[in-house]
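Here is the naming used below: chain letters follow the sequence lines, and residue numbers restart at 1 for every chain.
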Amino acid sequence: MTDEVEVAIIGAGPAGLSAAASAASRELNHILIERREIGNTVFNYQLRKLVMAEPGKLPLRSQVPFEAGSREQVLEAWNQAVKEKKVSVLKADVGEIKKEGNAFSIKHSSGTLRARNVILAIGVQGTPRKLGVPGEDSAHVAYTLADPDEFKDRDILVVGVGDAGIENALALCDKNRVSILNRTADFSRAKEANIKKITDAIRAGKIRLFTDASVARVEPTVTYINTPEGEVCLPCNHIIARLGGILPRKFLESSGITFPNSNPDSVPLVSSRYESNVPGLFILGALIGYPLIKQAMNQGYEVIEHILGNPIEPADQVLVDERLKGIPGDSKAVLTMIRQSLPLFAELSDAQFRELIIDSTVHSKKRGEIVFERNDYTDTFWSVVSGSTAVALPNGEKAIIPQGNFFGEIGLMSGRRRLATVSVAEDSILLESPRKQILKLNSSVDSVKRAIDEAFMLRALQTSIFPEAEFELLKQLVHKVVPKNFKKGDILFREGESGEFGYVIRKGSVKISRRNRDGADVTQTYIPAGNLVGEMALLSQELSLRSATVTAAVACETLAISKADFLQVLAETPKAKERLGHLAAERQIQNIAHDQNEYRGQVLDFMIAQGVTDADNFLLIDSDLCVGCDNCEKACAATHNGYTRLDRKGGKTFACIQIPISCRHCENPLCMLDCPPDALTRQANGEVVIRDSCIGCGNCVRNCPYGVIQMVYDQPPSGWSLWSLLGVTPKKAKEKGPAKAAKCDMCQHLDGGPACVRSCPTGAAMRVNPSKMLKILGEKREHVG
Amino acid sequence: MGEDRKHVEGPIEQLAKRLDVRRALPSLAKISLLFAGLVLILFGFWPFFSPKPVSWSSGPISHSHQMIASNCRACHQEPFARVQDAACLNCHSLTPHTKQFSPQNIAAHPSLQSSCADCHFEHRGPGGGLITRDPSMCTSCHANIKHALQDVSGPNVRSFNEHPQFAVLVAPANPGGTTLKISLNDSKNLADNSHIKLNHHIHLARIRGPEGEVTLKCTSCHQLAADFRSIKKIDFKTNCQSCHPLTYDERFPDREVPHGNANQVFAALFAEYARLFAFDRAAEAPLDDRRLKPGDPLPSVSQTKALGGFSQERVEQAARSAEKELYTRTACKLCHEVRESTVDPEEIATKGLSRYEVIKPQIPEHWLPASTFSHGAHEPLRCIECHAGAPDSKKTADVLIPKVADCQKCHAQGGPGPHSPKPGAPLVHSDCILCHSYHEPKALAEVQKRSIDQVLSAVKVN
Amino acid sequence: MSEDTFFSYKNYRWLWLNTIAVTLMIAIYLIDRPLGGPSGGTILGLTYGVIGALGILYLTWFGIRKRSYHAQQTTLKGCLSAHVWLGLALLIIVPLHAGFQFGWNVHSLAFVLMTLVILSGLWGARHYQLLAPTIRSHRGGAQPLKLLEQIESIGQDIEAKVKEVEARGDSASFNQLVAEVDFDYKPSIWKSLFDRTPELESENASKLLAGLQPAQQEAGLALISLADKKRDVARELEADVATLTKLRVWLYLHVPLTIALLIALLIHILSVFYYR
């Protein structure tokens with residue numbers, strides 16, 4: 001059969017279905033080709049699976065209805081739409097698409113078809129990504145899960161924590177022993193609801209989780225996996241690998257579609273109307289990087305309107321308009337202007353850029369206004385759309401950040417406070433983007449990562465080592481530095497070694513230790529991110545030895561600068577050389593002073609291990625005074641909806657000082673690393689708090705190294721009564737709704753300060769900073785000594 | 001990583017709980033309720049049902065009130081109200097302090113509104129409280145008496161140490177005048193106007209008595225009365241007559257006229273002389289037979305005449321002569337102030353009245369009537385220690401009552417008094433009621449008096 | 001340490017304030033010469049009574065203050081300091097109120113109860129100071145639960161040893177050694193306070209050990225070391241339980257007596273005004 005249709009839509013997924021329904025309702029001659037089922041992706045979901053409708057903000061524009069619901073509900077609505085709109089469906093397998101003149105010839109399993117326009121919406125589900133290790137094609141390795149009920153009492157390893165992996169693991173975990181393997185530390189690729197479910201299941205012990213792990217090799221009954229603790233042998237009857245699909249690149253290329261690069265992750269470039277480099281061939285959905293159902297359905301609608309010759313705005317135009325309201329001019333023009341003026345985002349797809357704008361705030365600021373101040377805890381990322389801003393450097397000078405540049409990346413990368421004050425140099429339009437959004441781009445768009453990394457290194461070098469150096473010199477240096485990452489406990493260099501590299505700590509922190517007379521390492525001090533270590537051995541041409549050992553206190557990202565490069569910059573910057581010389585001398589004196597203070601070293605070790613060196617204001621309990629009345633916990637519970645955020649009995653003790661399990665409000669809060677709703681934020685005064693927008697995913701609970709975050713149910717406060725005077729507490733209310741993450745919020749709602757400290761009858765509980773703790777312990781020691 | 005803190009309770013966890021005293025003991029609420037309940041029942045409710053609500057009593061009842069000790073309502077007649085005077089007056093009746101406490105005065109001076117319970121404290125045990133000796137009871141007004149009562153003229157007294165000089169009540173100098181209250185310091189006006197002549201000096205020196213010379217002592221005349229407090233009244237028969245017989249005729253050395261009534265004296269003289277003249281042999285007859293006995297009818301003049309040998313004129317002459325001798329020379333005048341009768345001579349003659357009058361002596365019974373002084377309590381002392389002027393007193397007018405300074409030699413309130421012989425020597429503690437009583441004594445009106453049965457039934461527990 | 005305790009809070013602020021107040025009250029009491037002698041019924045007595053009653057109410061309010069976790073103005077430590085010193089002051093103020101009249105009645109009962117409350121509180125406060133530094137589980141030691149688990153696990157090890165020896169044949173003399181050194185640990189507060197687990201008596205044990213067959217010597221030594229450890233853990237547990245008990249048990253007098261005192265105080269006030 002060689003009929004010619006106006007539009008051939010290949011793939012009856014959400015995009016194809018929407019496009020076909022639009023075409024049908026516009027009475028466009030069309031055909032929808034699908035090799036399996038209508039809405040095959042959804043059809044392949046597990047029974048009764050909940051289908052999400054994200055992103056929530058985005059309006060749906062399609063002839064096909066879609067809202068969040070069960071798999072069955074969604075499929076029924078779609079099938080009904082197909083019937084109602086009289087969509088013509090062809091069940092066939094497409095083999096080849098060839099452009100012949102101004103039409104396409106489509107070879108499929110039951111013949112050939114001619115079409116003036118082709119819409120490719122086949123998604124990536126047909127070509128799953130494989131494990132890539134020996135044994136990946138064993139019989140017990142599956143890349144889909146048809147019916148979870150087929151498995152019972154088996155050892156199953158699910159690889160991948162995307163939605164599919166999570167859902168499979170959840171479906172299997174009731175009747176089987178299920179482990180799930182996560183290549184990274186977080187669940188960021190999955191939907192929020194799924195993250196919450198898997199977190200609950202993991203906490204309930206139904207699923208075993210391996211983070212930062214990967215499959216090493218597959219054997220018939222066991223599977224070896226790499227974990228941070230080493231290789232682990234796992235009994236395993238089945239492996240279900242849900243690593244997502246990969247683009248059917250060969251098929252696309254055979255149709256004449258070109259790719260921007262050879263990166264297997266890259267997607268074909270399409271116009272704003274989804275037209276590929278082959279005119280008349282449109283590509284929708286996951287193939288061009290839009291994995292969400294709603295996005296794909298909107299594209300289906302838009303592409304049909306475009307083929308009909310109707311001008312069509314993207315569905316999120318309203319939201320973009322809303323964001324750009326403050327800037328005079330047509331919002332489309334403004335959007336283009338912003339995009340053109342920010343080279344950082346040049347490689348973003350249209351949709352990515354629009355999403356960024358929707359999540360960002362556009363500021364129009366006058367000359368002299370402060371954008372943020374040094375030591376602020378804000379963590380947003382700023383781009384200069386027009387005008388310019390100035391960074392106050394430590395030497396009192398100001399560095400201009402011209403139009404098209406960005407700032408705030410140090411906070412973004414290290415999670416630390418603002419290192420410098422930034423003010424507006426000339427009237428500017430600034431784009432303020434949330435940290436989360438930029439981090440997402442940072443991990444998905446190479447050019448963004450590269451640009452930000454470079455800027456970060458440059459500024460880190462400039463602010464922490466060579467403020468005096470020529471900018472160009474530093475730019476050259478940036479290309480020479482080598483990023484080096486260290487795990488917790490790794491040694492950057494040892495005392496007595498010859499020094500070859502200096503390290504800028506980009507993320508994390510290190511401790512400095514020196515050997516005492518007995519040859520034991522004694523911790524001297526602690527250096528947080530943003531600083532340079534190891535520079536003393538680099539200062540002179542001749543061979544010089546490390547005067548101390550530097551160990552990563554937490555996982556660190558550093559930039560290593562070789563001695564030669566370092567000396568080159570110094571040679572050209574005498575001022576810096578002089579200053580660093582002074583600094584080195586000072587250090588040497590300090591080293592001698594601290595040299596023999598083992599006790600101080602022990603205290604520092606304890607503080608580093610407890611993560612309080614980072615903390616500004618943490619709770620400690622003086623065991624000499626604590627009588628164990630638990631009033632601190634009761635006070636915390638009473639002031640925080642009935643659930644205490646501190647565990648008095650927990651935590652570690654040094655001498656008589658106990659650091660209970662309670663939030664340290666770290667300078668680099670790991671809990672904030674991966675919060676889907678961005679509910680964890682740092683307040684202007686440094687406190688890390690969880691906002692009500694918490695969805696209960698539990699990421700922060702797992703990310704906190706000190707175990708201070710819990711998932712709790714709110715208990716309504718009960719106030720005091722005559723009975724409470726006698727210690728009778730009312731029965732706990734029933735747990736309602738989802739558990740949410742809870743931790744110390746420093747009692748921000750109380751004027752008097754933290755209730756735990758105020759409620760300690762003996763004054764054992766106190767809030768201190770690291771230097772105060774050192775002082776207390778020093779006094780205690782004198783007292784004892 | 002955040003551990004889940006919920007544990008399934010294993011047996012070891014239960015054992016651990018047993019080691020927590022908070023779980024091993026009953027809850028604080030239960031123990032508290034038990035304690036509170038016990039107190040409430042034993043001390044809150046039980047007193048309402050027990051016959052003797054001892055636990056509510058603020059202290060044991062005095063001995064005097066033991067008979068109403070178990071009847072709270074005998075005194076506490078109304079809840080949440082102070083004990084009313086009416087409750088006391090049920091059994092007791094005493095007049096209040098002075099006439100200043102008249103209803104009008106009390107209305108005008110709220111400070112005077114004192115009730116029995118202001119001074120009489122009950123529930124202070126068998127010994128104390130009921131009669132308080134606290135000087136402040138008096139000094140609360142008397143320390144600044146003008147403040148309490150503007151119309152009272154009197155010195156302010158804060159303690160016995162500054163007690164004002166005693167003032168004695170003395171008879172008026174001229175008979176018929178009002179009694180005077182004169183301070184012992186007022187030497188100008190201070191005089192004993194008792195219309196009797198007594199020279200203590202002579203009496204206390206060696207003196208002739210009926211059986212020869214004697215030396216009298218104070219107690220020869222001033223004797224302690226049976227109440228062991230006061231001194232017996234001086235009585236002519238007891239104290240004077242043995243030395244001062246009322247004889248009138250040397251011929252009848254054992255005949256005396258009666259003491260007391262002037263007219264009777266004359267009548268007695270007349271009768272004696274009539275009998276003498278009527279019976280010649282009077283001298284021969286035993287004296288006893290001739291003596292007129294009390295109750296004997298006096299022989300009338302006509303009878304005497306009828307007996308013959310004498311005349312009325314003669315008898316009368318003799319009697320008048322003896323009378324004159326007695327009144328003006330030998331007897332009466334010695335002690336009494338005597339004057340001629342102011343009665344019409346005609347009437348004197350016809351009625352046979354006395355021609356003389358003795359001014360009635362006014363020997364004060366209480367020199368210091370506001371106080372109660374006990375001579376018995378001062379028994380170890382010699383009389384002259386206080387009445388030092390007596391041996392030298394030659395005039396009746398001398399007032400021999402000791403001054404306040406004499407008392408203060410031994411008595412003081414609190415510390416040593418201004419007159420103590422040895423500075424710092426311990427003195428008899430003397431509060432106001434040692435000498436003064438608050439209430440004016442007054443006999444209970446007969447209507448209020450009750451039988452023993454009535455009293456007993458009134459206080460019976462109901 | 002520079003931080004002050006709840007006794008010495010702010011340089012003994014509450015001690016000084018109470019001392020001044022009590023001294024003043026004693027002075028006035030000595031000057032005052034009420035009719036009928038000092039008692040609760042005089043103006044001064046009544047005034048002191050009101051002060052005393054308010055004092056008791058304030059002290060009782062501490063129970064509420066302790067739970068007023070939202071309190072902003074004061075710290076609990078400061079309130080406790082005031083609580084302690086005012087309590088001691090009341091021991092003087094209340095007899096001044098009564099004019100030192102005591103008897104077998106509800107009035108003196110209230111005083112006796114108050115005295116007991118204050119003395120128990122004093123006992124507790126002093127022990128808070130003395131015992132807090134000796135709580136082992138607060139200084140990196142294990143919680144009682146963990147120690148119990150350790151005892152349990154050592155017990156299982158001993159059991160395993162016994163079975164091991166039994167399996168190898170004659171175990172009579174070994175069992176004798178077990179009976180000598182091992183013991184059933186029954187956790188109890190009473191025993192922790194008054195009857196601690198004794199330390200291992202090495203003399204008997206070594207005699208019995210010497211009597212073992214050479215083949216059982218090694219097992220015997222291991223057994224003794226296990227039993228010794230078990231005793232050590234038990235003793236550590238008992239020491240902590242005793243300390244924690246002493247820190248808490250006084251409240252079981254302090255609080256119920258306070259409630260009883262409040263009732264007695266109420267009856268005292270009512271009865272005094274009922275029978276004025």
Student: Pick whichever of C:P133, C:P256, C:G141, C:A71 has the most heavy-atom pairs under 4.5 Å with chain A.
Tutor: C:P133

Student: Sort out for me which of A:G651, A:C636, A:C626 touches chain C most, counting heavy-atom pairs under 4.5 Å.
Tutor: A:C626

Student: Drop me the distance from A:D630's CG to A:C756's SG, to the nearest 0.5 angstrom.
Tutor: 12.5 Å

Student: Go through A:A755, A:A655, A:C656, A:S759 and name the one with the most non-hydrogen pairs under 4.5 angstrom from chain C.
Tutor: A:S759

Student: Quick check on C:L80 against chain A: is it the side chain, the backbone, both or neither that has a heavy atom closer than 4.5 Å?
Tutor: side chain

Student: Would you check if the distance from the ring center of C:F6 to the ring center of C:W85 is below 6.0 Å?
Tutor: no

Student: Tell me whether A:R767 forms a cation-pi arrangement with A:F618, defined as NZ or CZ under 6.0 Å from the six-membered ring centre and within 45 degrees of its axis.
Tutor: no

Student: Quick check on A:K652 against chain C: is it the side chain, the backbone, both or neither that has a heavy atom closer than 4.5 Å?
Tutor: neither

Student: Both conditions, 6.0 Å and 45 degrees, for the charged tip of A:K634 above the ring of C:Y69: are they met here?
Tutor: no

Student: With chain C, which of A:G628, A:C629, A:A637, A:G753 has the greatest number of heavy-atom pairs at distances under 4.5 Å?
Tutor: A:G628

Student: Considering only heavy atoms, give the residues of residues 112-124 of chain C separated from chain A by less than 4.5 Å, sorted numerically, with 'none' for an empty result.
Tutor: none

Student: Compile the donor-acceptor pairs under 3.5 Å between side chains in residues 258-265 of chain C and protein atoms, sequence neighbours left out, one pair per line.
Tutor:
from	atom 1	to	atom 2	distance (Å)
C:T258	OG1	C:H254	O	2.5

Student: In Å and rounded to the nearest 0.5 Å, what is the OG to CZ distance from C:S188 to C:F194?
Tutor: 10.0 Å

Student: Which region of A:C760, side chain (C-beta onward) or backbone (N, CA, C, O), has a non-hydrogen atom less than 4.5 Å from a non-hydrogen atom of chain C, or is it both or neither?
Tutor: backbone

Student: To check you understand the geometry: which heavy-atom pair defines the closest contact between A:P660 and A:L619, and what is its length?
Tutor: CD-O, 3.4 Å

Student: If you measure from OH on C:Y58 to CZ on C:R65, what distance do you get to the nearest 0.5 Å?
Tutor: 8.5 Å

Student: With sequence neighbours excluded, tell me which residues meet side-chain hydrogen bond (donor to acceptor under 3.5 Å, both in side chains) with C:Q150.
Tutor: none

Student: By number, which residues in residues 231-246 of chain C have some heavy atom less than 4.5 Å away from chain A?
Tutor: none

Student: Atom CZ of A:R600 and atom OG1 of A:T523: how far apart are they, to the nearest 0.5 Å?
Tutor: 10.5 Å

Student: Quick one: which of A:L750, A:T653, A:V627 has the most heavy-atom pairs under 4.5 Å with chain C, could you say?
Tutor: A:V627

Student: Do C:H70 and A:R758 have a side chain donor and acceptor closer than 3.5 Å?
Tutor: no

Student: Does any backbone or side-chain atom of C:S137 lie under 4.5 Å from a heavy atom of chain A? Answer side chain, backbone, both or neither.
Tutor: neither

Student: Working to the nearest 0.5 Å, report the span between CZ of C:R139 and OG1 of C:T134.
Tutor: 8.5 Å

Student: Quick check, are the ring centers of A:H640 and A:H749 under 6.0 angstrom apart?
Tutor: yes

Student: Grab the two heavy atoms, one from C:V94 and one from C:F111, that are nearest each other, plus how far apart they are.
Tutor: CG1-CD1, 3.4 Å

